[in-house]
Every structure is written in structure tokens, then in C-alpha cells.
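The structure appears right after this line, and notes come after that.
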Amino acid sequence: MATTVNVEELRNRVQDVYREVAERPSGEFHFEIGRTLAERLGYDPLVLDQITEGVVDSFAGVGCPFLLAAVREGERVLDLGSGSGMDSCVAALLTGPEGRVTGIDMTDAQLEKALRATSNAGITNVNYQKGYVESLPIAPDSVDLVISNGVINLTADKPGVFAEIVRVLRPGGRMSIADIVSERQLTENIVCDASLWAACIGGASQQDDYLEAIEGSGMRVATVLDNESYKFLSKSARQASLDFGVKSVTILAEKLK
């Protein structure tokens, strides 16, 4: 099905939602956020203890990329849609002082919160840049690992995102992402609704199409893990999950050499 969602409207709506996540994490959203969610998805509480509480409070991921990523000391990690910075901080702690983490996000409020929190936590091997995941301000073949958490479903050009990931990964580099997919094709009225995209529903690709786009970009899918502990909160989001099999998965893939 052709996607006819207005890309500019989509970006604006996504920015509105995630500005609220950054500034008012106690608000009501279609999805759960915060530490309780992070721990249920598999994050190590001892690692979360080393990160500023406000960052963890604004965590809005859909899985835990680190369950499959096997981060190594000294690696160069790129976090797509870094949000309040929790995954970037976790990656920085796992790579150690010789590692380097770059977070990319398009929402100013999220970038500002991430910068403050990372500085307050004394984590020095992270930098953040404003940008779009479809057009990364990153040099080719310069990254060992790309992570992302609940972000690629929010974009209208998923093949373009995967092509960018392949461009920046070194040969043999890895991608470990958590995202929202569907078991059945969404209807046109859902796909064309920017608000439902921002709620992590409207942009959910059918899982087979999603995996095909990854492999078509020049990566090999190694592992697909269903995140059964992730649940939507709102009635409309839960109904979409029932009707179309909208769900969270974590995917590990490797760039072909």
C-alpha cells in the first residue's frame, strides 16, 4: 500500500508528542514511559541507577536494543532518535571511556534534556546532534553499532532510513533496533493519519515488509525477538494491536561485508 501521509505534518505531530514526553513525562500518552517500563523490557537496574532520574522518567522506548546488541568496550555507537538520552547513556556506560556514542534527534526539547542530563550524570563520551534519521550527519563506514528504540516506525521512508544505516556502518557492523510492526496490513485511513503515526500505530509496517526492507538495504537479519512485555495504553492503540497484530520487536542485523 502506498503511504500518503503528509511528511511535514507527521514530523510536526511527532515533535509535539515527544516534546511533551520530555517536558511533562507525567502526562497521558498512548504508550507507557518511565523506569518501570524500562526494567520490564529488560534494562539492568544497576545501569539505570547511574543515569539521571529525569532521563529515565522520559524513557519512551518499545524494547531493549541492548539485549541483542552485545555492546563492546571502545565501540562507536549511533543512537537514532535518541530522545531524552537514556539509551545513549546506557551505550556510553557499556562502551567505557574509550567508546564514543552519538545521539541523533529532531526535537529540540529532547536534545536539551539529553544534554543536561548527560552532563549531570558525568558521562563524557556522548554527543548529541540535531538531525533526521533519513539523512544522517554522520560519515560513511564510521560506526560499529546503530541502535534505535521505537523510532523508525515514525518515519515515512523506512527504506531510506535503512540505506542511511548501511551507509554509516562499517563493513560487518551491527544494527540492534526495537520498533513497532504489524502482523497484518494496516488500513489506508490509519496509515494516512499523522496522529496515529505519532502514537506509534500508523507507521507500523507489516513485519515481513519491514524485514525485507532491512535485507534489501544490504544487511542480514540475524535475530527477531518479540517484546511480549510491551503493551499500549490507550483504548484505540490496544484495539489496533488486536485488529492488526501491532506489536513490538527487537531486531539484530549485520551489514554485509
Minimum heavy-atom distance [X]-[Y], with the two atoms named:
X: Val62; Y: Asn227; result: O-ND2, 3.6 Å
X: Ser176; Y: Thr250; result: OG-CG2, 4.3 Å
X: Leu67; Y: Gly42; result: CD2-O, 3.9 Å

Is there a donor-acceptor pair closer than 3.5 Å between any side-chain N or O of [X] and the backbone N or O of [Y]?
X: Asn153; Y: Asp179; value: no
X: Asp105; Y: Leu111; value: no
X: Arg184; Y: Asp243; value: yes
X: Ser217; Y: Ile214; value: yes
X: Arg35; Y: Glu53; value: no
X: Asn149; Y: Gly63; value: yes

Query raised in the report: What residue among Lys255, Arg76, Arg170 forms salt bridge (Lys or Arg N to Asp or Glu O under 4.0 Å) with Asp141?
Result: Lys255
**Report entry** Lys113 with Asp57: basic N within carboxylate O range, under 4.0 Å
**Finding:** no
Requested in this report: Could you tell me whether Asp144 and Arg100 have a side-chain N and a carboxylate O separated by less than 4.0 Å?
Outcome: no
Nearest-0.5 Å distance that lies between atom [atom1] in [X] and atom [atom2] in [Y]:
X: Ile165; Y: Arg174; atom1: CD1; atom2: CZ; value: 13.5 Å
X: Met106; Y: Leu80; atom1: CE; atom2: CG; value: 12.5 Å
X: Asn120; Y: Leu115; atom1: CG; atom2: CG; value: 10.5 Å
X: Ser241; Y: Lys231; atom1: OG; atom2: NZ; value: 7.0 Å
X: Ile51; Y: Met86; atom1: CD1; atom2: CE; value: 6.0 Å
X: Tyr230; Y: Ile180; atom1: OH; atom2: CD1; value: 5.0 Å

Requested in this report: Give a yes or no on whether Glu215 atom CD has more than 12 heavy-atom contacts from other residues, nucleotides or ligands under 6.0 Å away.
Outcome: yes
Query - Gln129 atom CD: more than 12 heavy-atom contacts under 6.0 Å - result: yes
Query raised in the report: Hey, mind stepping through Val47 and Phe66 against side chain to side chain contact (heavy atoms under 4.5 Å, CB included) and telling me if it holds?
Result: CA-CA 12 Å; Val47 173; Phe66 302 101; over 6 Å; no
Report summary line: Hits for side chain to side chain donor-acceptor pair (under 3.5 Å) against Asp44, two or more places apart or cross-chain, chain-then-number order -> none
Query raised in the report: In terms of hydrophobic clustering (I, L, V, M, F, W, Y; side-chain heavy atoms under 4.5 Å; direct or indirect links), are Leu252 and Leu169 co-clustered?
Result: no
Query raised in the report: Is the shortest heavy-atom distance from the side chain of Ile123 to the side chain of Asn125 under 4.5 Å?
Result: yes
